[in-house]
Engineer: 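Below is the structure I would like to discuss, written out as structure tokens.
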There are 2 protein chains.
Amino acid sequence: MFLARDRWLCNLSTMEKPLETIIVDSILDAIADQRLHAGTKLGEQALSDLFGCNRAHVRRALGTLTAYHVVDHLPNRGAYVATPTPQDARDVFQARRAIETVICRNAVRQATSEDIAALRVHLAQEALARGGGDRSAAVRLSRGFHLLLGRIGRNPVLLRYLEELTMRSSLIIGLYATGHGTLCADDEHTRITDAIEARDMDAAQDLLDQHLRHIEAGIRFGDDAPVTGALSMALRRDAR
Amino acid sequence: MFLARDRWLCNLSTMEKPLETIIVDSILDAIADQRLHAGTKLGEQALSDLFGCNRAHVRRALGTLTAYHVVDHLPNRGAYVATPTPQDARDVFQARRAIETVICRNAVRQATSEDIAALRVHLAQEALARGGGDRSAAVRLSRGFHLLLGRIGRNPVLLRYLEELTMRSSLIIGLYATGHGTLCADDEHTRITDAIEARDMDAAQDLLDQHLRHIEAGIRFGDDAPVTGALSMALRRDAR
DNA sequence: TATTATCTGATTGTTAACAATCCGTGTTAT
DNA sequence: ATAACACGGATTGTTAACAATCAGATAATA
């Protein structure tokens with residue numbers, strides 16, 4: 001099945017301390033990598049078996065994922081990977097612009113040379129993945145760039161919101177992405193990094209704002225029902 | 001699927017609140033009203049008795065409050081009302097400026113005449129409470145103004161973040177407030193409302209930004225230990 | 001045949017009992 | 001007298017059994 005049991009168990013073996021966190025992060029990663037599609041059911045028993053743990057732990061993990069608005073919880077019916085509406089998408093991207101522009105200014109103000117080096121390394125990885133044609137890796141790394149920027153900004157409050165918003169963005173892109181052009185253009189990330197290194201606050205902010213608008217523009221909403229979600233919702237019977 | 005619609009209509013007709021929500025809101029209100037001080041323990045048994053319910057419900061409620069960052073959860077030790085540090089305060093207020101300025105622009109764009117009427121009503125209530133000298137009511141209503149603005153902005157994502165941030169702000173004000181001037185000045189709310197009614201987007205945004213800076217300036221951080229919470233926090237083995 | 005009613009297997013929600021951990025107190029030894 | 005240790009009460013964390021609810025399937029009726 002697409003759940004890639006191997007990966008999950010691998011995660012479980014690697015980090016051993018907080019059990020609930022492992023479950024949450026695993027599901028989050030699976031969604032970001034688009035191995036988990038919008039609308040698929042997350043049964044408690046199935047997850048308990050997968051992670052070899054109690055059902056209560058799974059239940060709490062699903063609770064925090066619901067708080068993140070990345071899964072929808074229907075009472076007496078179970079938890080499903082959320083299916084954002086086009087309006088949700090617009091709201092999420094507006095929130096991203098509001099938050100990331102400030103994060104970007106913080107980054108320009110506080111970035112150390114190590115931070116910029118880390119950004120350069122990340123850009124190289126992105127280029128590599130893009131060259132290899134690995135779409136899911138490209139999506140994950142693209143998100144990683146924004147998160148790295150968020151960490152450089154050094155405002156934990158904004159960083160936490162950014163984590164949630166980029167997660168929901170991954171879902172949205174997986175749902176509404178038109179075949180091409182929806183991913184973060186590599187050169188835009190590069191130019192943002194250049195502006196940060198040049199300590200040009202206004203330029204960096206403006207580049208990031210435009211970057212987010214480009215991503216949003218590459219999404220085909222405004223229409224009716226989501227594409228992938230409806231299908232997987234209908235097919236979700238075989239997911240058990 | 002029409003099943004979802006059934007569920008929705010059912011919710012609309014019954015209007016019954018989930019038990020967990022009641023607990024969360026009660027604690028949140030108590031914190032906003034400063035009847036619950038920073039650092040006070042929230043025992044599971046005590047809360048179960050108070051609300052006449054199972055301990056599991058209390059546990060989930062405390063979980064969501066922890067997700068809101070309004071209570072700190074120490075493993076094997078219990079849940080305590082959070083004690084924000086001065087740095088937390090700065091981060092929270094920067095996040096508020098980032099989010100509320102966008103909310104404000106949305107409000108200017110989308111406010112109906114009913115919305116503005118609601119704002120005027122709220123301003124009257126604020127003036128009343130301020131005249132009566134009821135400090136906790138003033139704090140609550142001041143938060144209410146910002147939340148009302150958030151609802152008028154009609155972006156649920158930003159509204160949710162605003163709810164959390166204003167909640168944390170209440171805690172911060174309760175901790176660090178100097179005796180006077182820390183509350184939202186009534187006339188600032190009024191001028192913001194005027195700008196919204198005049199559809200002056202830039203003016204409204206700027207007034208709100210300055211308003212938030214004034215609130216932040218009225219807080220005496222930069223020093224070391226918090227005032228109210230320090231005692232109750234210091235008595236127990238402190239967290240980090 | 002189409003529609004409604006009922007039944008059943010499966011899944012979620014709740015509760016209480018059990019286990020692990022921590023804090024305060026009292027004892028003991030140096 | 002002080003510090004280390006150990007014990008008891010209380011609180012949190014975990015687990016499994018039980019109850020409630022839902023989706024799908026089967027049967028019944030017009």
Side-chain angles (χ1 to χ4, degrees), chain A residues 1 3 12 16-24 27 39-67 71-83 230-240, chain B residues 1-11 13-14 16-24 27 39-67 71-82 231-240:
Chain A
M1 195 73 281
L3 285 185
L12 186 115
E16 293 183 359
K17 285 290 175 151
L19 178 53
E20 181 202 325
T21 311
I22 295 173
I23 303 178
V24 171
I27 295 178
T40 61
K41 170 152 189 174
L42 301 174
E44 296 183 0
Q45 194 70 274
L47 290 173
S48 313
D49 296 344
L50 264 174
F51 290 95
C53 69
N54 198 300
R55 226 183 75 211
H57 295 157
V58 171
R59 179 170 274 267
R60 272 188 315 204
L62 291 176
T64 75
L65 287 171
T66 302
V71 319
D72 284 337
H73 184 80
L74 314 185
N76 289 319
R77 211 166 299 180
Y80 298 82
V81 178
T83 303
L231 186 64
S232 58
M233 199 66 163
L235 298 181
R236 76 178 149 79
R237 195 175 225 292
D238 62 354
R240 59 90 52 80
Chain B
M1 225 189 277
F2 56 86
L3 294 165
R5 197 181 66 169
D6 278 347
R7 174 72 200 174
W8 201 60
L9 293 175
C10 176
N11 278 349
S13 59
T14 56
E16 65 183 22
K17 273 189 176 181
L19 176 55
E20 181 201 326
T21 311
I22 296 176
I23 303 178
V24 171
I27 296 179
T40 61
K41 169 152 190 174
L42 301 174
E44 297 183 359
Q45 194 70 274
L47 290 173
S48 313
D49 296 344
L50 261 175
F51 290 94
C53 68
N54 199 300
R55 226 184 75 210
H57 294 158
V58 170
R59 180 169 273 266
R60 276 189 315 212
L62 292 176
T64 76
L65 287 171
T66 301
V71 320
D72 284 337
H73 184 80
L74 314 185
N76 288 319
R77 212 167 296 180
Y80 297 81
V81 178
L231 188 62
S232 54
M233 198 64 169
L235 290 186
R236 63 184 182 74
R237 302 278 273 272
D238 61 342
R240 180 180 19 106

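In what follows, chains are A, B, ... by sequence order, proteins preceding strands, each numbered from 1.
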Engineer: So, for Thr83(A) and Gly39(A), which heavy atoms are closest and what is the spacing to 0.1 Å?
Structural biologist: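 Reported closest heavy-atom pair: OG1-N, 3.7 Å.
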Engineer: What is the distance from NZ of Lys41(B) to C1' of dC23(C), rounded to the nearest Å?
Structural biologist: 9 Å
Engineer: Of the candidate nucleotides dC22(C), dT15(D), dT15(C), which contains the atom at the shortest distance from the side chain of Ala56(A)?
Structural biologist: dT15(D)
Engineer: May I have all residue pairs that pass side chain to side chain donor-acceptor pair (under 3.5 Å) and include part of residues 49-59 of chain B, sequence neighbours excluded?
Structural biologist: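 Pairs touching residues 49-59 of chain B that pass the test: Glu44(B)-Arg55(B), Glu44(B)-Arg59(B).
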Engineer: Could you check whether the side chain of Arg77(A) and the base of dG13(C) have a donor-acceptor pair of N or O atoms closer than 3.5 Å, going by distance alone?
Structural biologist: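 Answer no: no donor N or O sits under 3.5 Å from an acceptor.
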Engineer: Take the protein atom CG of Leu62(B) and the nucleotide atom C1' of dT11(D), then report the distance between them rounded to whole Å.
Structural biologist: 13 Å
Engineer: Between Glu20(A) (CD) and dT15(D) (P), how many Å, whole number?
Structural biologist: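 Spelled out: CD on Glu20(A) to P on dT15(D) is 13 Å.
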Engineer: May I have the distance from Leu19(A) (atom CG) to dT14(D) (atom C1'), rounded to whole angstrom?
Structural biologist: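 Atom-to-atom, Leu19(A) to dT14(D), this comes out as 11 Å.
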Engineer: Let's see if you can work this out: which of dG13(C), dT14(D), dT12(D) has an atom nearest to the side-chain heavy atoms of His57(A)?
Structural biologist: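 Out of dG13(C), dT14(D), dT12(D), the nucleotide with an atom closest to His57(A)'s side chain is dT14(D).
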Engineer: Please report the shortest heavy-atom distance between Val71(A) and Leu62(A), naming the atom on each side.
Structural biologist: CG2-O, 3.9 Å
Engineer: Side-chain N or O of Arg55(A) less than 4.0 angstrom from OP1 or OP2 on dT15(D)?
Structural biologist: no
Engineer: Nearest whole angstrom, please: distance from the P of dT15(C) to the CZ of Arg60(B).
Structural biologist: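 Atom-to-atom, Arg60(B) to dT15(C), this comes out as 9 Å.
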Engineer: I need the single residue from Leu19(A), Ile27(A), Leu50(A), Ile23(A) that forms a side-chain contact (heavy atoms from CB on, under 4.5 Å) with Val58(A). Which is it?
Structural biologist: Ile23(A)
Engineer: If you restrict it to nitrogen or oxygen atoms, what contacts under 3.5 Å exist between nucleotides 6-8 of chain C and the protein, and what is each distance?
Structural biologist:
none

Engineer: When the distance from CG of Asn76(A) to C1' of dG13(C) is rounded to whole Å, what number comes out?
Structural biologist: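 Atom-to-atom, Asn76(A) to dG13(C), this comes out as 7 Å.
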Engineer: Taking NE2 from His73(A) and P from dT21(D), how many angstroms apart are they, rounded to a whole number?
Structural biologist: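 His73(A) atom NE2 is separated from dT21(D) atom P by 14 Å.
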Engineer: Would you mind reading off the distance between Asn54(B) atom CG and dG13(D) atom C1', rounded to a whole angstrom?
Structural biologist: 14 Å
